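This report concerns only the one structure given below.
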Amino acid sequence: MAEESFDPRAVRLGKLQALRARGVNPYQPTRFDVTAHSADLHANYEEWEGRTVRVAGRVMAIRTHGRAMFLDLADEEGKIQCHIREDIVGPELFGLTEYLDLGDILGVEGTVFKTRRGEISIEVQTFEYLSKSLLDLPDKRHGLTNIDLRYRQRYLDLLVNPEVRRVFDIRSRTITFIRQFLAERHFTEVETPVLLPLAGGTEARPFATHHNALDMTLYLRIALELHLKRLIVGGFDRVYEIGRVFRNEGVSTKHNPEFTMLELYQAYTDYEGIMRLVEDLLAALVRHLQGSSELTYQGQVLHFAPPFARVDMVERLWEKTGVRWEDIHSTADAHALARKLGIAVDPQFDRAQVMDKIVGSVVEPDLVQPTFLWHHPVDISPLAKRDPHHPHLTERFELFVAGRELANAFSELNDPLDQRERFLAQQEQRRQGNDEVPPLDEDFLNALEHGMPPTGGLGIGIDRLIMLLTDSPSIKDVILFPTMRPLGSVDEL
RNA sequence: GGGCCAUUAGCUCAGUUGGUUAGAGCAUCCGCCUUUUAAGCGGAGUGUCGAAGGUUCGAGUCCUUCAUGGCCCA
């Protein structure tokens with residue numbers, strides 16, 4: 001070798017060629033029968049000591065020692081140290097360790113023992129390359145800390161930052177728990193369409209796409225609500241979906257353009273019934289994951305013990321500002337109130353949007369412990385049933401935790417004529433240029449006209465729930481592959 | 001959309017008031033080492049300083065624009 005190459009990939013390609021020259025193709029093996037995992041070897045050493053095991057994993061550390069070497073092999077649950085001695089594996093096999101790199105996938109067979117220093121290890125009898133890594137792993141001490149790269153190359157983040165794996169384990173366990181919880185209560189899980197001729201169920205800008213064969217614009221769903229309620233009409237008395245919804249809006253620590261919602265609908269109950277269900281679900285979930293009803297989020301200790309506190313939205317607004325919601329009659333009144341309170345508001349906002357913003361600024365941040373904010377005015381709740389005693393208010397609540405909305409629920413409006421009027425009022429806003437207002441869904445109204453039983457409905461933002469449960473400050477931390485701007489132009493990809 | 005900050009080796013980072021040939025740890029490469037574990041010992045620096053312009057005798061450093069990300073605000 002006249003010139004030594006220092007390019008890591010070129011060096012590794014050279015090792016790959018050398019292996020192949022010796023008749024070893026690390027990409028050839030199709031299986032390796034594993035008989036033990038690292039975590040179990042550590043947890044139950046006495047049972048494993050002296051036994052022969054087969055373990056597979058990624059090489060995370062190599063410590064050569066002349067005619068022997070130690071390496072740390074990482075499998076899904078942890079790491080196990082392996083000791084390879086030339087006099088045990090033989091010079092031919094030992095020679096292959098010359099081409100071993102960090103990141104390679106290895107299968108080893110050997111006996112379980114403890115080193116002089118007490119490290120549970122495998123004395124390797126034989127080993128096999130199961131894959132070769134051509135690129136360097138991130139720094140073993142610092143891991144991968146560049147936030148951009150952590151999200152773009154999540155596979156590396158997962159390999160070198162073990163706490164990331166924990167977040168997604170909790171995510172998986174949470175969703176499994178919710179499914180079990182709802183199954184025990186006789187809810188049926190369903191799947192409703194993602195691609196729709198019109199996207200409704202909330203106010204948000206949808207993504208548009210095009211169906212070639214039908215030559216029509218289709219929109220990605222922004223909520224699950226209207227289809228699940230069609231199913232209530234269709235006789236599913238307890239129905240839910242956990243699914244991705246898409247909203248064409250900004251990206252922040254609290255917003256990702258695609259995120260996961262749980263929506264459930266239960267016939268013959270109301271928002272009080274749903275409130276109890278939310279309390280039971282969250283209390284059971286936190287206990288399942290934490291072993292207690294306490295949860296610490298960003299330094300705040302949260303208590304998930306029913307019953308959760310309840311705050312009347314209109315009353316609390318009055319306490320905070322001295323203003324009654326029903327005294328704000330016009331958009332101008334609302335903007336004047338916002339100015340008086342020093343709250344910056346988009347000048348395009350209408351009365352309801354401004355009031356929503358004001359509540360968001362003066363009421364919601366105080367709701368740290370799990371709290372139901374309830375009795376929303378009807379003009380910001382177009383799908384919720386009116387409170388029979390206060391027709392300008394609705395039987396609605398939002399659950400706030402750590403100052404953030406976690407759930408939204410109401411007694412579902414099943415009066416098709418009232419629903420039509422509210423949709424028509426929305427269409428007026430739409431004509432005035434509010435492109436977050438969905439178009440009128442005639443088919444949904446048609447379903448309601450066939451008769452929907454009294455129903456309680458609930459939506460929970462799963463990603464925000466996982467943020468709480470994993471003490472994650474950013475929604476990107478709980479989404480494996482968050483939406484990112486691509487590096488370079490898309491054409492190059 | 002606005003403000004602030006970041007971008008230097010494969011990874012994590014340092015880099016003085018603008019000054020010679022841009023540094024460290026890990027990783028990598030070469031040599032030694034059969035119970036080490038942030039293994040150790042000896043040797044080697046592998047770089048389009050995010051991109052493009054500009055100022056200057058001289059730019060990683062100053063200016064402008066752009067790109068990506070982060071934090072805060074809307």
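Computed from a predicted structure; not experimentally measured. The analysis underlying the following values was restricted to heavy atoms, covering all of them including side chains, and did not include hydrogens, waters or symmetry mates. Throughout, protein chains are lettered first and strands after them, A, B, ... in sequence-line order, and every chain is numbered starting at 1.
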Figure out the CG/P separation between A:Leu156 and B:rC11, and round it to whole Å. 10 Å
Across all strands shown, which nucleotide pairs with B:rU34 by Watson-Crick or G-U wobble geometry, both distances under 3.5 Å? none
Looking only at side-chain atoms of A:Glu119, point me to the closest of B:rC11, B:rC33, B:rU36. B:rU36
By nearest atom, which of the nucleotides B:rU35, B:rC29, B:rU37 is closest to the A:Glu123 side chain? B:rU35
Determine the Euclidean distance between corresponding P atoms of B:rU46 and B:rU35; express it in Å to zero decimal places. 35 Å
Does A:Val478 offer a backbone N or O that forms a donor-acceptor pair with the side chain of A:Arg171 under 3.5 Å? yes
Nucleotide paired to B:rC71 in any strand shown, Watson-Crick or G-U, under 3.5 Å: B:rG3
In this structure, how many angstroms lie between the C1' atom of B:rU37 and the NE2 atom of A:His42, rounded? 12 Å
Could A:Arg310 and A:Trp374 be counted as a cation-pi pair, given that NZ or CZ must be under 6.0 Å from the ring centre and within 45° of the axis? yes
Give the rounded distance in Å between these two atoms: CZ of A:Arg9 and P of B:rC29. 16 Å
Between B:rA27, B:rC33, B:rC29, which nucleotide gets closest to the side-chain atoms of A:Val11? B:rC29
Whole-Å gap separating C1' (B:rU28) and CG (A:Asp104): 14 Å
Give none if B:rG45 has no partner; otherwise give the nucleotide forming a Watson-Crick or G-U wobble pair with it, both distances under 3.5 Å. none
Name the nucleic acid region contacted by A:Lys79, choosing base, sugar-phosphate or nothing; use a 4.0 angstrom heavy-atom cut-off, strictly under. nothing
Say you pick atom P in B:rG53 and the same atom in B:rC32; how far apart are they, in whole Å? 49 Å
Do the side-chain N and O atoms of A:Glu294 and A:Gln290 include a donor-acceptor pair separated by under 3.5 angstrom? no
With heavy atoms under 4.0 Å as the rule, sort A:Leu135 into base, sugar-phosphate or nothing. nothing
Examine A:Arg54 relative to A:Phe32 and say whether NZ or CZ is less than 6.0 Å from the centre of the six-membered ring and inside a 45° cone about the ring axis. yes
Would you check if the side chain of A:Arg422 reaches a backbone N or O of A:Ser381 as a donor-acceptor pair within less than 3.5 Å? yes
Please verify the inter-ring angle class for A:Phe70 with A:His83; under 30° counts as parallel, over 60° as perpendicular, anything in between as tilted. parallel
For atom C1', what is the distance between B:rC13 and B:rC72, given to the nearest Å? 25 Å
If you measure from the C1' atom in B:rA52 to the same atom in B:rC57, how many Å do you get, rounded? 23 Å
Consider only side-chain N and O atoms of A:Tyr151 and A:Asp477, and report whether a donor and an acceptor are under 3.5 Å apart. yes
Can you check whether A:Arg63 has a side-chain N or O nearer than 4.0 Å to OP1 or OP2 of B:rA39? yes
Using whole Å, report how far CE of A:Met60 lies from C1' of B:rA38. 14 Å
In whole angstrom, give me the gap between the C1' atoms of B:rG25 and B:rA51. 29 Å
Tell me whether the OP1 or OP2 atom of B:rC29 has a side-chain N or O from A:Lys15 closer than 4.0 Å. yes
Between A:Thr371 and A:Leu367, is there a donor-acceptor pair closer than 3.5 Å when you use the side chain of the first and the backbone of the second? no
Rounded to whole angstroms, how far apart are CG on A:Asp157 and P on B:rC11? 14 Å
Watson-Crick/G-U partner (both atom distances under 3.5 Å) of B:rC26: B:rG10
N/O donor-acceptor pair, side chain A:Arg85 with base B:rU34, under 3.5 angstrom: yes
Is there a donor-acceptor contact under 3.5 Å linking the side chains of A:Arg12 and A:Gln17? no
Answer yes or no: does a side-chain N or O of A:Arg117 lie under 4.0 Å from OP1 or OP2 of B:rU35? no
Please state the P separation for the pair B:rA14 and B:rA9 - nearest whole angstrom. 12 Å
Toward the 5' end of RNA chain B, by each residue's nearest nucleotide, A:Arg67 or A:Leu102: A:Leu102
Under a plain distance cut-off of 3.5 Å, with no hydrogens placed, do A:Arg404 and A:Tyr297 share a side-chain donor-acceptor pair? yes
Would you mind pulling out the nucleotide paired to B:rC66, Watson-Crick or G-U wobble, both distances under 3.5 Å? B:rG50
Please give the distance between the P atoms of B:rC63 and B:rG3 as a whole number of Å. 16 Å
Does the plane of the ring in A:Tyr271 sit parallel, tilted or perpendicular to the ring in A:His375? Use 30° and 60° as the thresholds. tilted
Can you give me the N/O atom pairs linking the protein to nucleotides 1-8 of chain B at distances under 3.5 Å, or say none if there are none?
none

Without decimals, in angstroms, what is the distance between A:Ile62 CD1 and B:rU28 C1'? 11 Å
Atom-pair distance (CE on A:Met69; P on B:rC32), nearest Å: 15 Å
Which protein N or O atoms sit under 3.5 Å from an N or O of nucleotides 69-74 of chain B?
from, atom 1, to, atom 2, distance (Å)
B:rG69, OP1, A:Arg485, N, 3.0
B:rG69, OP2, A:Arg485, NE, 3.3
B:rG70, OP1, A:Lys476, NZ, 3.3

Under 4.0 Å between any heavy atoms, over every strand shown, what does A:Asp87 touch: base, sugar-phosphate, or nothing? Just pick one. base
Under a 3.5 Å cut-off for both distances, is B:rA59 Watson-Crick or wobble paired, and to whom? none
Is a side-chain donor-acceptor pair under 3.5 Å present for A:Glu398 with A:His376? yes
If we take the C1' atom in both B:rG58 and B:rG18, what is their distance in whole Å? 8 Å
